[in-house]
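Okay, so here's the structure we're looking at.
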There are 2 protein chains.
Amino acid sequence: MKEQIKNIHQVISSFIEISNEEWVNYSSMFKTKEIKKKEIILQEGNICKDVFFINKGVLRFYFVDNNGEEKTFHFAIENTFATDYKSFLKQIPSNYSIQALEDTQVVTMSLDMLLSGYEILKNGEKLGRLLAEEYFFMFNDKIQAIYTQTPLDRYNNLTTNFPEIFQRVPQHLIASYLTISSVHLSRLKNAH
Amino acid sequence: MKEQIKNIHQVISSFIEISNEEWVNYSSMFKTKEIKKKEIILQEGNICKDVFFINKGVLRFYFVDNNGEEKTFHFAIENTFATDYKSFLKQIPSNYSIQALEDTQVVTMSLDMLLSGYEILKNGEKLGRLLAEEYFFMFNDKIQAIYTQTPLDRYNNLTTNFPEIFQRVPQHLIASYLTISSVHLSRLKNAH
DNA sequence: TTTAGACGATAACAAATGTTATCACTTTTA
DNA sequence: TAAAAGTGATAACATTTGTTATCGTCTAAA
């Protein structure tokens, strides 16, 4: 199997049973893509054409608010999916953008490919269901964090659950992610 | 068809094709439940046993934070589903509670019923997928609102998109929903 | 029908958070 | 390799938002 699709094979196999024959046939439709640091792979207003699976790198997801300010709400790293799943499934313009924070390698899956998976894979619909459920769980947890935790709580959780993020993402983007200003985050960090 | 399952039939039919025969068989598993105002139908810490479909009434969803304060994050009304879908699907303890704000009538669907739907309905998996997608879209929009709008923006949106909510839900719960204090909401409303 | 509680407005004050600017340092780019 | 841009800390100040308390009205329960 090509090196580039080993990781996504492992992840999809953790969701559904898929035979070797199905995989060989299905995975021939994957494409890989190299993304340069700072490159935007989904621009707000455009229809999201692909689900990206990250082999290497970091992506950030951000809204632009009424004042033109970028609000980063998600970071995606190796072995996770990245997409505007709503824009992708409904084929409507995206409300946010996705940008590479490092040189990044992704495997792309088009909507045609997902939809044909519903048909040709024995467990294609189930794969679609589980993908949607995973996305839902992620956003569910994010909402819980926003409603029940202070920005400092959320910062501390990042520190314990995801320490490497601080080496890979500049602090002002983390502040945005925590919905506070960069000055305020700096204060919280350095308060004794 | 029994009066109580007319609405849910309409909603499910909008998601998938389901034959009369399938529906008669499948819908026999629904139960209805009358909930008194203030009654809690899902208690944080318990496993969510059912998806509720609301025929009449209003439910509120709320977390309890570290200070013991209730944080209302969602209201569900007629013809929508109500559940902790994560707790329900994974059969893990719920992180939030659901309480009736009015006398409410719901149709209940157990996990067994959903899972057997995956098997016996021609489009059962698809129904599961679309339900998960709908939940995802809802939370997706909520996160967008939190990151891009001020509490006042969100209050104004409620006013235009969902004006009847103010007749049915006390203002301090709306303030919680907007992630601000009730005093502050009162100030925003009455500022000139 | 009375009474306790719930509700929403408001004031006074305290705390949290944002804004702007400056500085030192590092990284990227021409 | 020099210049430009990015990064993070910090100070001073302004603004937003929360907290507590009071009050009048309304609602629900004994």
Side-chain angles (χ1 to χ4, degrees), chain A residues 35-40 57-58 60 62-63 65-72 75 99-104 145-156 158-159 163-192, chain B residues 35-40 57-58 60 62-63 65-72 75 99-104 145-156 158-159 163-192:
Chain A
I35 307 159
K36 283 269 172 243
K37 182 171 176 172
K38 292 191 181 173
E39 194 179 325
I40 289 172
V58 188
R60 79 165 174 126
Y62 63 97
F63 297 106
D65 72 9
N66 294 331
N67 301 319
E69 286 179 25
E70 296 182 355
K71 305 288 186 174
T72 298
F75 301 107
Q99 180 190 41
L101 296 180
E102 300 173 354
D103 292 349
T104 296
I146 289 169
Y147 272 88
T148 64
Q149 299 184 336
T150 65
L152 183 56
D153 289 336
R154 296 174 65 214
Y155 175 81
N156 289 331
L158 264 192
T159 307
E164 67 275 26
I165 193 77
F166 299 103
Q167 316 316 316
R168 301 178 72 176
V169 173
Q171 185 173 291
H172 68 274
L173 296 181
I174 299 202
S176 175
Y177 176 83
L178 298 173
T179 70
I180 59 179
S181 69
S182 59
V183 175
H184 189 52
L185 175 55
S186 182
R187 271 194 296 241
L188 291 177
K189 275 180 58 179
N190 299 95
H192 39 240
Chain B
I35 307 159
K36 282 271 172 243
K37 182 172 177 172
K38 292 190 180 174
E39 193 179 327
I40 289 173
V58 188
R60 79 165 173 126
Y62 63 97
F63 297 105
D65 73 10
N66 294 330
N67 301 319
E69 286 180 23
E70 297 181 356
K71 304 288 186 174
T72 297
F75 302 106
Q99 180 191 40
L101 296 180
E102 301 173 353
D103 291 349
T104 295
I146 290 170
Y147 272 87
T148 64
Q149 300 184 335
T150 65
L152 182 57
D153 290 336
R154 297 174 64 212
Y155 175 81
N156 289 332
L158 264 192
T159 308
E164 67 274 26
I165 193 79
F166 299 104
Q167 316 316 318
R168 302 178 74 176
V169 173
Q171 184 173 290
H172 67 273
L173 295 182
I174 300 206
S176 175
Y177 177 82
L178 299 174
T179 70
I180 59 179
S181 69
S182 58
V183 174
H184 188 52
L185 176 55
S186 182
R187 272 193 296 239
L188 291 176
K189 275 181 57 179
N190 298 97
H192 39 238

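First the proteins, then the strands, lettered A, B, ... as listed; each starts at 1. Just so it is clear, the model here is predicted, and its values are computed rather than measured.
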Here the distance between atom P of C/dG8 and atom OH of B/Y155, to the nearest Å, is 11 Å
- Query: Would a 4.5 Å heavy-atom cut-off, applied to side chains only, mark B/F75 and B/L158 as touching?
  - Reply: no
In whole angstroms, the gap separating C1' of C/dA16 from CG of A/L152 amounts to 12 Å
Review item, nucleotides 5-11 of chain D N/O atoms under 3.5 Å of protein N/O:
unit_1	atom_1	unit_2	atom_2	d
D/dG8	OP1	A/Q171	N	3.3
D/dG8	OP2	A/Q171	N	2.7
D/dA9	OP1	A/K189	NZ	3.3
D/dA9	OP2	A/Q171	OE1	3.4
D/dA9	OP2	A/Q171	NE2	2.6
D/dA9	OP2	A/S186	OG	3.0
D/dA9	O5'	A/S186	OG	3.4

CZ of B/R154 to OG1 of B/T159, rounded to nearest 0.5 Å, is 12.5 Å
* Looking for any heavy atom pair under 4.0 Å, which part of the strands does B/T179 touch: base, sugar-phosphate only, or nothing? -> sugar-phosphate
Whole-Å distance, B/L178 CG to D/dG18 P, equals 11 Å
Next on the checklist: Tell me whether B/E39 contacts the main-chain N or O of B/A100 through its side chain, where contact means a donor paired with an acceptor under 3.5 Å.
Outcome noted: no
Atom pairs under 3.5 Å: protein N/O with N/O of nucleotides 22-27 of chain C:
none

From CD of B/Q167 across to P of D/dT27 the rounded distance in Å is 13 Å
In short, the helix from C/dT1-D/dA30 to C/dA30-D/dT1 is bent end to end, axes from five pairs each side, to 10°, by 50°
Atom pairs and distances, side-chain donor-acceptor, residues 169-189 of chain A, under 3.5 Å, sequence neighbours left out:
unit_1	atom_1	unit_2	atom_2	d
A/Q171	OE1	A/K189	NZ	2.7
A/S176	OG	A/T72	N	2.8
A/S181	OG	A/H184	N	3.1

Next on the checklist: I'd like to know if the side chain of B/D65 reaches the main chain of B/N67, judged simply by a donor and an acceptor atom lying under 3.5 Å from each other, with no hydrogens or angles considered.
Outcome noted: yes
I want to check something: taking the side chain as every heavy atom from C-beta on, are A/T150 and A/Y155 in contact at a cut-off of under 4.5 Å? no
So salt bridge (Lys or Arg N to Asp or Glu O under 4.0 Å) across residues 166-182 of chain B, not counting sequence neighbours, yields B/E78-B/R168, B/E102-B/R168
Residues at least two apart in sequence or cross-chain that pass salt bridge (Lys or Arg N to Asp or Glu O under 4.0 Å) with A/D103, listed by chain then number, are none
Separation of C/dG18 atom C1' from A/L188 atom CG, nearest Å, is 12 Å
Here the distance between atom C1' of D/dT17 and atom CD1 of A/I180, to the nearest Å, is 15 Å
In whole angstroms, the gap separating C1' of C/dT28 from NZ of A/K36 amounts to 14 Å
From CD of B/E102 across to C1' of D/dT27 the rounded distance in Å is 15 Å
In short, B/I146 meets A/Y147 closest at the heavy-atom pair CD1-CE1, 4.1 Å
For A/D153, the salt bridge (Lys or Arg N to Asp or Glu O under 4.0 Å) test, sequence neighbours excluded, returns none
By salt bridge (Lys or Arg N to Asp or Glu O under 4.0 Å), B/R60 pairs with (sequence neighbours left out) B/E70
